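Below: the structure, in structure tokens.
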There are 4 protein chains.
Amino acid sequence: MEMPKETFFNLPEEKRQRVIDAAIDEFSQRSFHDARITAIVDAAGIAKGSFYQYFEDKKDLFKYIIGLAAEKKIEYVNRDIMGRIQDCTFFQLLRELYLSGIRFAKENPRLLAIGMQLLNNPELYYEVIGEHRDTTNEFYEKLLEKAMADQELDPKIDTKVASRLLAGLSYSMVDLIYEDGKLDFDDMVFVDKLLYIVENGMKRKP
Amino acid sequence: MEMPKETFFNLPEEKRQRVIDAAIDEFSQRSFHDARITAIVDAAGIAKGSFYQYFEDKKDLFKYIIGLAAEKKIEYVNRDIMGRIQDCTFFQLLRELYLSGIRFAKENPRLLAIGMQLLNNPELYYEVIGEHRDTTNEFYEKLLEKAMADQELDPKIDTKVASRLLAGLSYSMVDLIYEDGKLDFDDMVFVDKLLYIVENGMKRKP
Amino acid sequence: MEMPKETFFNLPEEKRQRVIDAAIDEFSQRSFHDARITAIVDAAGIAKGSFYQYFEDKKDLFKYIIGLAAEKKIEYVNRDIMGRIQDCTFFQLLRELYLSGIRFAKENPRLLAIGMQLLNNPELYYEVIGEHRDTTNEFYEKLLEKAMADQELDPKIDTKVASRLLAGLSYSMVDLIYEDGKLDFDDMVFVDKLLYIVENGMKRKP
Amino acid sequence: MEMPKETFFNLPEEKRQRVIDAAIDEFSQRSFHDARITAIVDAAGIAKGSFYQYFEDKKDLFKYIIGLAAEKKIEYVNRDIMGRIQDCTFFQLLRELYLSGIRFAKENPRLLAIGMQLLNNPELYYEVIGEHRDTTNEFYEKLLEKAMADQELDPKIDTKVASRLLAGLSYSMVDLIYEDGKLDFDDMVFVDKLLYIVENGMKRKP
DNA sequence: TATGAATGAGGATTCATTCAT
DNA sequence: CATGAATGAATCCTCATTCAT
């Protein structure tokens, strides 16, 4: 996988940030194809030529930004959730994950927009991310398997299917964010009401 | 809402189809901005100039195609589901809806792709879909309210939240389509396993 | 010189007028090159194809319109001036000519606009009118020669030059029309004040 | 008022001239709308893309060229006339002005053509010339008022009207240029003969 | 003769990328 | 490393004219 060239990492921190920021701005407002290098270099205050000394091409930059976003999100959620995995039930953990996801998205709306774009464009996704489409699914699957092993779940449910369900639900969250204000209760209430259903649907029957 | 010009509707059916087909092809493979009139007219075998006698401009065509897709999907699902609304339980109906949705998407993968496209071009989305934004949510909400009235549902669940959940799940379906083959069971099994959870989560406790 | 085809003259009077009118409208608002056949046929309510059954091409129509305008102006001025040539002095006649010209322009502003266009575009002029650029000059020259013979003029003036002066002055008139209202006296006063100078400049000294 | 971009002024003088020259060539031969960027860049030997690094668009270039022409003419006439305003009578000055105008037009026929163009595209005219519409009239009016104050003029003439006359006469000059050769005397003789009439018409009677 | 669809050449403009300094 | 001009392919769209019915 290409990456920014060395020159980019040799840049003074502040300048590098400006470039990253400008890129996030542009990519969050326009599709990959519509995004303009010109807009990015202008906003970053660097020369057009310099751009091509930092990055191979537009796609190179895009991949880098996507990578950054993923990294940031993982870091964020990790920090939020860290250490609770052990002492929590599966459903408590799920609740924290969703809430943490919502918080992250609200704090980083531009990254959310970029991520959505990627998710809705399979070709681009494939080009940029390559094979690794299933990280999210797999993550939930592992969680579910552990919960199953811990006998928290109804043994009749299929963890592969359930992992899809949990992943799919994150879209409900995003919707919630985009429509902010349309529903008259706050995120935590929403998540709790949602999880009430999920928990009833998946938990081990006594 | 603009529409194709009269000339387009005066065209012989076969030619009109060729244009529509070429447009669907192009729009399903490239973003609105990136889609090329040239590719469309070439594929349709018409002159560049003719295109502009049929449509105001690229956006006009796009809107038309989106409208067609929506119409087609509604028709499809209606035909599939028609008549069963009365004799079905809520969960049976939901099963049919999801299966019908999957079938439609599998039969019309290009329309699916265009729809997904739309989802991440908010500006265009608004222009094209306009007011009809939350049709899906509202549709599920109505269904849920009826089910609630029929005492099929756990009175503790919130129909607004549940409608989001049901809408969000359609994303799990799309995922399924894109990954076709990755899961080792077929759509019906998938939907059944999914609905097993959903039903458990939402149905009225005895 | 091409002319409209026979078909045009076979048209019912009313329809022919509609075409002429539409053409005058378009040509008075846009330069020859910018004028659009489409606009003309739309306004005239005829089919695009019909146009090419009446006229060879855009230029053919333009020539025809120019011809009409010239004819109309000559007719107008003739009617105004008719019969006075004998009983008038040269300067009285000139006054009538100018006033008549102003009246015509005010009553036919669209024709004025087309004429101006032509005058300011030598290439077009040549293409459309051919060699006959000097009609106006020659007309004034004849008038001046008669006046000279009648001993109304200072024998020292050169009639060729004076004819240019008189022709050039018509531009002052046009200016006056375009700026209508900027000067605080009316046309007749303007012409009289102008002719006061001209007469002093050209009349035979006692 | 828009202007060419900085990049244009950073260009080596020689290249810049090539662009200007090509533009003047094209605009003097075709109407603004009809003028082709392609022709200009080809003649100037620059890339199509480069053009858009120098100018915003076609109109931007056109305005610039018009500005240049105006500037050049003012400079030219100023240089010609400079210093004589004090020692000349009004009629002597007028003679110099007309002769200078003729010389300029003959030396810059392409600029003349562009200027004439502008006169019959009112929309463009307004955009380009904007407020400065009646500079010419006002210029002559000031001159006339001074002459009047100096008692060079017949007190009965109206300076506003006379200024129109003098401005209108410049059209006679243009005619002269376009018909070059048709009259059998040279410019100076023509102007002298013209001014003989004008002077007689306007000068103070003894 | 009327119609209006079909055509395609031609124009303006954008933008990723290259290149010379 | 920085710079920013140079490039040209690619795109949308317009419009006079032709053509088939």
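Predicted model only: the values in this text are computed from it and were never measured.
Straight-line distance from the CZ atom of Phe8(D) to the P atom of dG4(F): 19 Å, rounded to whole Å. The interatomic distance linking Lys5(C) (NZ) with dA2(E) (P) rounds to 12 Å, in whole Å. Taking atom CZ of residue Arg16(C) and atom P of nucleotide dA2(E), one finds them 13 Å apart after rounding to whole Å. The CG-P distance, from Asp34(B) to dA10(F), rounds to 13 Å in whole Å. For the pair Glu56(B) CD and dC15(F) P, the computed distance is 13 Å after rounding to whole Å. Separating the CZ atom of Phe62(A) from the P atom of dA16(E) is a distance of 14 Å, rounded to the nearest angstrom. The CD atom of Glu26(B) sits 9 Å away from the P atom of dT11(F) (whole-angstrom rounding). Atom pair His33(B):NE2 and dT13(E):C1' shows a separation of 11 Å (rounding to whole Å applied).
Salt bridge absent: Asp34(C) and Arg30(C) never bring a charged side-chain N and a carboxylate O closer than 4.0 Å.
Residue Ala39(B) is classed as having no contact, given no heavy-atom separation below 4.0 Å to the nucleic acid.
Screening Phe27(B), Phe8(B), Tyr54(B) against Tyr64(B) for a ring-ring contact (aromatic ring centres under 6.0 Å, His included) leaves a single residue, Phe8(B).
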B/S/- along nucleotides 4-10 of chain E (protein heavy atoms under 4.0 Å) is BSBBB--
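With sequence neighbours excluded, no residue forms a side-chain hydrogen bond (donor to acceptor under 3.5 Å, both in side chains) with Glu6(D). Shown here are the salt bridge (Lys or Arg N to Asp or Glu O under 4.0 Å) partners of Glu71(A), two or more places apart in sequence or in another chain: there are none. Partners of Arg18(D) under the side-chain hydrogen bond (donor to acceptor under 3.5 Å, both in side chains) rule, at least two apart in sequence or in another chain, are Glu14(D). Residues meeting the salt bridge (Lys or Arg N to Asp or Glu O under 4.0 Å) test with Glu13(D), sequence neighbours left out: Arg16(D).
At dT13(E), one or more side-chain N or O atoms of Tyr52(D) fall inside 4.0 Å of OP1 or OP2 (strictly under the cut-off).
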Taking it one step at a time, do Glu26(C) and Arg36(C) satisfy side-chain contact (heavy atoms from CB on, under 4.5 Å)? CA-CA 7 Å; Glu26(C) 181 72 2; Arg36(C) 297 150 310 165; 3.2 Å; yes
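Among the nucleotides dC12(F), dA12(E), dC15(E), the one closest to the side chain of Ile37(B) is dC12(F).
Looking at Lys58(C) and Leu61(C), their side chains never come closer than 4.5 Å, going by heavy atoms from C-beta outward.
The residue among Thr38(A) and Thr38(D) whose nearest nucleotide of DNA chain E lies closer to the 5′ end is Thr38(D).
Paired regions of DNA chain F, where each region holds three or more successive Watson-Crick or G-U pairs whose two hydrogen-bonding distances fall under 3.5 Å, are E:2-21 with F:2-21.
Between the side chain of Lys5(A) and the backbone N or O of Tyr52(A), at least one donor-acceptor pair lies under 3.5 Å.
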